[in-house]
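Fair warning: this is a prediction, and the values are worked out from it, not measured in the lab.
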Amino acid sequence: MTKDEGTAKEETKQLIEKMKATKEKWDAEAAASPDGPDETDELLSQAISMALGQGKGWSSPGEREKYLEKLLDDEFIPPLFAETNEELEKSGLKDAFTTLHNEGETPGKSMLEFRKKGNVSVALGRKNVAKNMSYYRDAINHYYEAYHWACRIVPKEEDFVPTPEELAAADEDPYFTQKELDDLRSIICSNCALAHMCLKNWGYTRDEAKKAVGFNRSNIKAWYRLAKAHQMLQNWEEAGNAIDSGLDIEKENKELLTLQKKLGEKVRKARLHRQQRERDRAERTSRIKDVWRYCKEENISLGRVPLVATVKDDEDDEEGVDTIEARWHHHYPHTGQLPKRQMQDGGGWTWPVLFVYPSHHQSDFIEHFGEDEILALRMAQMFPEQEDGDCSKETAMPWDYNNEFRCSNLAVYFEVHCLDADLDSKRNPIIHPDCVERLKDQGAAMRFYESSRALKGDEGPEMATVARCMERKHLHHQRKAWIKKHGSLWAKPDPCPVVQVHPAATLGQVLRNRNMVVPNFLVTIILFPTEHPAHKEFMKKHQCKDVVEPLEA
């Protein structure tokens with residue numbers, strides 16, 4: 001033992017002796033006082049007794065430092081804020097917290113008392129129509145308290161045999177096996193669902209009924225309340241499933257049979273609709289696999305952009321969330337279209353293509369553009385030459401005020417989203433959230449496509465919420481990596497280079513160019529009138545990296 005440790009132990013011993021002497025003095029004064037013990041002194045005396053009994057105080061300076069280091073640890077969770085048994089156990093105070101009772105009451109007795117109070121409040125609510133809402137709210141609070149105490153009961157083993165002392169104390173400290181405890185929890189949650197149902201809190205009714213059947217699958221009342229909640233929430237298939245589960249337990253239950261007859265047609269349609277969605281999803285999965293396999297064989301690169309603009313709901317932005325998302329989705333929209341293999345004409349592939357005209361803020365979408373088609377032929381259909389060669393005549397586009405959109409007068413480009421250095425890098429490149437990210441594998445392509453569909457509302461509001469959370473997490477990681485490397489999101493990369501495309505080139509040549517990355521499964525082609533000021537401004541900002549020449553015949 002070191003000198004410092006010996007000194008600390010001696011000081012601790014002296015402090016304990018002083019506390020004992022103080023307590024004895026207060027107890028003597030309280031006994032001699034005609035008015036009895038002072039309430040404050042009595043509480044302090046009890047605190048000293050507890051401290052002495054539990055050995056409060058640091059046995060050595062090292063123990064105090066160790067405890068302070070634990071408090072400063074980022075992973076340390078104070079016991080009051082622990083949400084799971086694992087977190088409470090890590091705090092080192094699990095035993096102390098599990099022995100805490102409500103004013104000396106045991107968890108089992110408290111659970112039964114609050115359950116009884118809840119039942120009484122429900123009964124009063126049914127009798128007293130004028131104030132029933134208040135009674136039902138009270139019942140819900142009582143059931144929550146009962147469930148809280150039920151979760152703190154430590155169940156006995158199934159073969160547990162109580163001692164005579166435990167039998168005598170059963171009224172004050174009742175004991176339960178795991179099955180008995182689960183049955184009680186199921187009843188408490190089912191009764192709580194009933195109280196919520198009386199208040200028409202259908203979401204809470206659903207949640208409590210789910211908990212009830214989770215504890216006891218044979219709780220027929222909980223199945224009915226779950227089915228009723230799903231009916232009012234218009235979750236027809238879930239309502240049908242709850243009805244079927246309840247009837248498996250009790251085939252002649254009148255309430256469930258009545259509900260089944262009432263909802264039968266809606267449940268049938270909901271199940272057919274879900275089966276159709278599953279078939280459509282399987283078909284989309286098969287198509288994405290075919291597209292990915294073909295792109296890998298033909299060295300065609302696919303990419304994606306973030307589908308959300310913020311990582312939280314209340315995120316402030318000077319430009320505005322709607323403006324950012326509108327800009328992204330206008331420049332790199334997700335149409336829901338995928339490349340398709342043609343069943344005739346040699347089995348070639350067609351791609352969705354977007355022609356963008358930045359000079360006039362216009363665009364055209366082509367749903368099926370064959371890989372073997374020459375760009376000039378499609379452009380000639382959209383922007384025909386004047387028959388007599390008179391360039392002063394008006395073109396067919398009402399927005400082409402200067403009559404510049406003629407096939408021979410257009411320069412064609414595509415943007416280079418991922419540079420060669422990113423392609424050759426073995427590690428993951430750090431990409432600004434505004435930029436296109438290369439899709440690395442088939443799984444990433446499938447997740448992106450399904451997320452984009454869900455965010456458009458094709459899979460319902462719940463799936464949209466899940467997809468939004470996943471996309472926000474992805475965007476958060478992108479932002480974090482970029483800020484770590486560059487210090488700020490305002491440190492944006494230079495405008496991406498472009499590749500000029502000869503109009504006589506085919507779409508297949510464009511796709512197979514090593515600089516081409518197709519964002520959102522949509523080939524984006526940029527067209528400018530050659531002499532337009534916007535074309536000159538565009539070329540000042542974007543370096544022309546290459547030219548796609550037509551193949552020689």
Side-chain angles (χ1 to χ4, degrees), residues 291 294-295 298-305 327-335 337-339 349-380 382-383 405 407-423 431-432 434-439 493-530 532 534-551:
V291 170
Y294 173 73
C295 291
E298 299 294 327
N299 292 323
I300 299 174
S301 299
L302 301 175
R304 58 157 293 171
V305 296
R327 185 186 71 232
W328 282 349
H329 299 164
H330 172 74
H331 196 60
Y332 308 115
H334 192 275
T335 62
Q337 301 292 328
L338 288 171
W349 283 75
T350 62
W351 289 73
V353 175
L354 182 70
F355 280 7
V356 179
Y357 321 123
S359 59
H360 290 68
H361 305 287
Q362 300 290 333
S363 62
D364 283 311
F365 174 69
I366 304 169
E367 187 173 359
H368 302 292
F369 199 123
E371 287 190 6
D372 55 351
E373 285 190 62
I374 297 175
L375 268 66
L377 295 179
R378 183 74 70 159
M379 292 166 58
M382 300 170 65
F383 313 113
F405 273 77
C407 179
S408 61
N409 190 44
L410 297 176
V412 185
Y413 303 92
F414 68 80
E415 292 179 318
V416 181
H417 298 297
C418 303
L419 302 177
D420 296 339
D422 295 337
L423 180 64
I431 300 171
H432 191 277
D434 284 355
C435 297
V436 174
E437 177 185 3
R438 191 186 300 272
L439 291 172
D494 295 332
C496 57
V498 295
V499 171
Q500 187 169 5
V501 181
H502 194 287
T506 64
L507 179 63
Q509 290 178 253
V510 174
L511 290 169
R512 288 164 180 78
N513 187 281
R514 70 188 309 270
N515 296 302
M516 181 62 170
V517 175
V518 183
N520 301 358
F521 304 99
L522 179 67
V523 183
T524 305
I525 304 294
I526 303 173
L527 291 88
F528 282 99
T530 54
H532 198 281
H535 181 214
K536 298 178 182 178
E537 189 67 24
F538 180 81
M539 295 311 297
K540 286 181 181 178
K541 296 180 180 178
H542 301 263
Q543 175 191 1
C544 185
K545 190 170 183 175
D546 195 7
V547 178
V548 179
E549 298 286 354
L551 293 176

One pair to check against side-chain contact (heavy atoms from CB on, under 4.5 Å): Glu371 and Arg512. What are the steps and the verdict?
CA-CA 10 Å; Glu371 287 190 6; Arg512 288 164 180 78; 3.0 Å; yes

Would you check, one step at a time, whether the test side-chain contact (heavy atoms from CB on, under 4.5 Å) holds for Asp372 with Thr506?
CA-CA 6 Å; Asp372 55 351; Thr506 64; 5.7 Å; no

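For His535, the ring-ring contact (aromatic ring centres under 6.0 Å, His included) partners at least two apart in sequence or on another chain are Tyr413, Phe528.
Put simply, the side chain of Arg304 reaches to within 4.5 Å of the side chain of Leu439, judged on heavy atoms. Contact annotation: the side chain of Thr524 never approaches that of Glu415 to less than 4.5 Å [non-hydrogen atoms, C-beta and beyond]. For the pair Pro503 and Leu410, the minimum side-chain heavy-atom distance is 4.5 Å or more.
Taken to the nearest 0.5 Å, the OG atom of Ser301 stands 10.0 Å off from the CG atom of Asn515. Interatomic distance, CG of Asp546 versus CZ of Phe414, reported as 7.5 Å (0.5 Å rounding). Going from atom CE of Met379 over to atom CE of Met382 covers 9.0 Å, rounded to the nearest 0.5 Å. For the atom pair OG of Ser359 and NZ of Lys536, the computed distance is 13.0 Å after rounding to the nearest 0.5 Å. Note that CG of Leu354 and CD of Glu367 are 13.0 Å apart. Values are rounded to the nearest 0.5 Å. The NE2 atom of His417 sits 6.5 Å away from the CE atom of Met516 when rounded to the nearest 0.5 Å.
Taking the six-membered ring for Trp and thresholds of 30 and 60 degrees, Phe383 and Phe405 have ring planes inclined between 30 and 60 degrees apart. By the 30° and 60° cut-offs, the orientation of the rings of Phe538 relative to His542 is parallel.
Between Trp351 and the choices Ile300, Val510, Ile366, the side-chain contact (heavy atoms from CB on, under 4.5 Å) rule is met once, by Ile300.
In terms of heavy atoms, Ala504 sits closest to Ile374 at O-CG2, 3.4 Å. Across Leu375 and Leu507, no two heavy atoms sit closer than the pair CD1-N, 3.7 Å. When all heavy atoms of Val501 and Ala505 are compared, the closest pair comes out as CG1-CB, 4.1 Å. Closest approach of Pro339 to Phe521, counting heavy atoms only: CD-CB, 4.3 Å. Taking all atoms of both residues into account, the shortest heavy-atom contact from Pro352 to Phe365 is CB-CE1, 3.8 Å.
Distance alone, capped at 3.5 Å, places no donor-acceptor pair between the Glu549 side chain and the His502 backbone.
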